[in-house]
Amino acid sequence: MLQMYNKLLELPLFIGISNTELADIVGNTKFGFHKLSEGKILVKEDEKCEQLYFLVSGSLRVLSRADNHRYSIEEQLKAPAVIQPEHFFGLIQHHTKTFSAATACSLLSLDKTEVLRLMDESFIFRLNFLNTVSMQAQKGSHYPWRQQPTDIRDQFISFLRLRCMTQAGPKVLRIKMEDLGHELHQSRINVSHMLNAMEAESQLTISRGIITIPLLENLG
């Protein structure tokens with residue numbers, strides 16, 4: 001039980017809850033418990049958000065695809081984390097990414113009834129949920145007003161950062177050179193020169209249709 005308390009206190013929506021309140025939550029909340037072996041899919045893109053998942057241990061592989069399916073980005077999400085709470089309510093109540101186990105994972109889940117009850121009964125849980133969703137909304141509303149880079153390298157880095165769930169760690173971009181040029185409003189040859197220069201600096205590696213970035217935070 002103590003281990004359960006400690007795990008919950010690490011999760012974004014339970015941070016700041018007192019031990020007394022946490023004991024009450026554990027005793028009165030119907031948590032789902034899940035174990036995923038490496039490679040096992042948790043949820044797929046476009047699946048309905050019927051459970052709010054909390055990653056307690058391990059790492060998830062996150063696959064995001066463009067609406068036209070012309071390119072995709074793969075990254076990892078490490079515990080502790082909550083899976084797309086911004087899509088649990090509202091207009092679009094389905095997952096926009098595919099989550100699978102990069103390593104063996106342990107997860108907790110809550111259905112909508114339990115989440116609504118916790119939001120009603122726990123001020124801290126409600127505040128944490130609202131802060132999480134508000135942060136996502138504020139980031140999204142700020143992006144169109146940021147100064148757009150003019151240098152092709154900065155354009156590429158901005159392209160990646162805007163589409164990644166986390167701003168650090170390894171990323172794999174699967175895209176054709178022509179499509180990347182279209183997205184950056186640059187010629188294919190300019191894109192090729194830029195990527196080869198970054199590869200020469202060991203910032204990334206390129207192969208046919210695949211760009212691998214060891215650490216996104218090191219790009220510059």
K.L.:
For the backbone of Met198 and the side chain of Gln203, can you confirm whether one donor and one acceptor N or O come within less than 3.5 Å of each other?
P.N.:
no

K.L.:
To the closest 0.5 Å, what do you measure between NE2 (His69) and CG (Asp67)?
P.N.:
7.5 Å

K.L.:
Grouping I, L, V, M, F, W and Y whenever their side-chain heavy atoms are under 4.5 Å apart, do Leu216 and Tyr71 come out in a common cluster?
P.N.:
yes

K.L.:
In terms of hydrophobic clusters joined by side-chain contacts under 4.5 Å, are Ile152 and Phe159 together?
P.N.:
yes

K.L.:
Taking atom NE2 of His34 as the centre, report whether more than 12 heavy atoms of other residues, nucleotides or ligands fall under 6.0 Å from it.
P.N.:
yes

K.L.:
Would you give the length of the straight line joining atom CZ of Phe99 to atom CD of Gln76, rounded to the nearest 0.5 angstrom?
P.N.:
12.5 Å

K.L.:
Say whether, by atom type as modelled, one donor and one acceptor occur between the side chain of Gln167 and the main chain of Arg161 under 3.5 angstrom.
P.N.:
yes

K.L.:
Passes side chain to side chain contact (heavy atoms under 4.5 Å, CB included), Asn19 versus Leu9? Steps please.
P.N.:
CA-CA 9 Å; Asn19 289 333; Leu9 287 172; 4.0 Å; yes

K.L.:
With the side chain counted from C-beta on, respond yes when Thr96 and Gln84 share a heavy-atom pair under 4.5 Å apart, and no when they do not.
P.N.:
yes

K.L.:
Tell me, with the steps shown, if Phe14 and Phe54 meet ring pair (Phe, Tyr, Trp, His ring centres under 6.0 Å).
P.N.:
CA-CA 11 Å; Phe14 294 92; Phe54 301 90; 5.6 Å; yes

K.L.:
Considering all heavy atoms of both residues, which atom of Leu55 and which atom of Leu77 are nearest to each other, and what is their separation?
P.N.:
CD2-O, 3.4 Å

K.L.:
Of the non-hydrogen atoms in Cys49 and His94, which two are nearest, and what is the gap between them?
P.N.:
SG-C, 3.6 Å

K.L.:
Decide yes or no on side chain to side chain contact (heavy atoms under 4.5 Å, CB included) for Val191 and Glu178, but give the supporting numbers first.
P.N.:
CA-CA 9 Å; Val191 169; Glu178 293 85 354; over 6 Å; no

K.L.:
Looking only at heavy atoms, which two atoms of Gly16 and Ile124 are closest? And how far apart?
P.N.:
C-CG2, 3.9 Å

K.L.:
State whether the side chain of Ser158 and the backbone N or O of Asp154 hold a donor-acceptor pair below 3.5 Å, judged by distance alone.
P.N.:
no

K.L.:
Between atom CG of Leu204 and atom CG of Asn218, what is the distance when rounded to the nearest 0.5 Å?
P.N.:
11.5 Å

K.L.:
Within this structure, what is the CG-CG distance for the pair Leu130 and Leu13, rounded to the nearest 0.5 Å?
P.N.:
10.0 Å

K.L.:
With a 4.5 Å limit on heavy-atom distance, are the side chains of Leu52 and Phe129 in contact?
P.N.:
yes

K.L.:
CD/Gln138 to CE/Met135 distance, rounded to the nearest 0.5 angstrom?
P.N.:
9.0 Å

K.L.:
For the hydrophobic clusters of this structure (ILVMFWY residues joined by side-chain heavy atoms under 4.5 Å, transitively), does one cluster hold both Leu162 and Ile213?
P.N.:
no

K.L.:
Consider only side-chain N and O atoms of Arg117 and Thr29, and report whether a donor and an acceptor are under 3.5 Å apart.
P.N.:
yes

K.L.:
Flag the pair His95 / Ile83 as yes when at least one side-chain heavy-atom distance between them is below 4.5 Å, and no otherwise.
P.N.:
yes

K.L.:
Tell me whether Glu217 contacts the main-chain N or O of Gly169 through its side chain, where contact means a donor paired with an acceptor under 3.5 Å.
P.N.:
yes

K.L.:
Can you hop from Met119 to Tyr53 via hydrophobic side chains spaced under 4.5 Å?
P.N.:
no

K.L.:
Are the side chain of Ser59 and the backbone of Thr103 linked by a donor-acceptor contact shorter than 3.5 Å?
P.N.:
no

K.L.:
Output yes when Glu86 and Lys139 qualify as a salt bridge under the 4.0 Å nitrogen-oxygen rule, no when they do not.
P.N.:
no

K.L.:
Within a strict 4.5 Å, meaning less than it, do heavy atoms of the Ile17 and Leu8 side chains meet?
P.N.:
no

K.L.:
In terms of hydrophobic clusters joined by side-chain contacts under 4.5 Å, are Leu110 and Leu36 together?
P.N.:
no

K.L.:
Is the number of heavy atoms from other residues, nucleotides or ligands under 6.0 Å of Lys112 NZ greater than 12?
P.N.:
yes

K.L.:
What are the two closest heavy atoms between Met177 and Leu195, and how far apart are they?
P.N.:
SD-CD1, 3.5 Å

K.L.:
Can you give me the closest heavy-atom contact between Val133 and Pro85, atom names plus distance?
P.N.:
CG2-O, 4.3 Å

K.L.:
Let's go through Leu160 and Ile211 carefully: what are the C-alpha distance in whole Å and the side-chain angles of both, what is the deciding distance for side chain to side chain contact (heavy atoms under 4.5 Å, CB included) to 0.1 Å, and is it a yes or a no?
P.N.:
CA-CA 11 Å; Leu160 279 173; Ile211 303 169; over 6 Å; no

K.L.:
Would you mind telling me which of Lys171, Lys97, Arg163 makes a side-chain hydrogen bond (donor to acceptor under 3.5 Å, both in side chains) with Glu75?
P.N.:
Lys171

K.L.:
Tell me the closest heavy-atom pair linking Glu199 and Thr205, and the distance in Å.
P.N.:
OE2-CA, 3.6 Å

K.L.:
For the CZ atom on Arg70, are there more than 12 heavy atoms of other groups (residues, nucleotides or ligands in this structure) within a distance under 6.0 Å?
P.N.:
no

K.L.:
How long is the straight-line distance from NZ of Lys30 back to CG of Asp111, given to the nearest 0.5 Å?
P.N.:
8.0 Å

K.L.:
Can you list the steps and then say if Phe156 with Leu173 is a side chain to side chain contact (heavy atoms under 4.5 Å, CB included)?
P.N.:
CA-CA 11 Å; Phe156 172 64; Leu173 171 63; 3.9 Å; yes

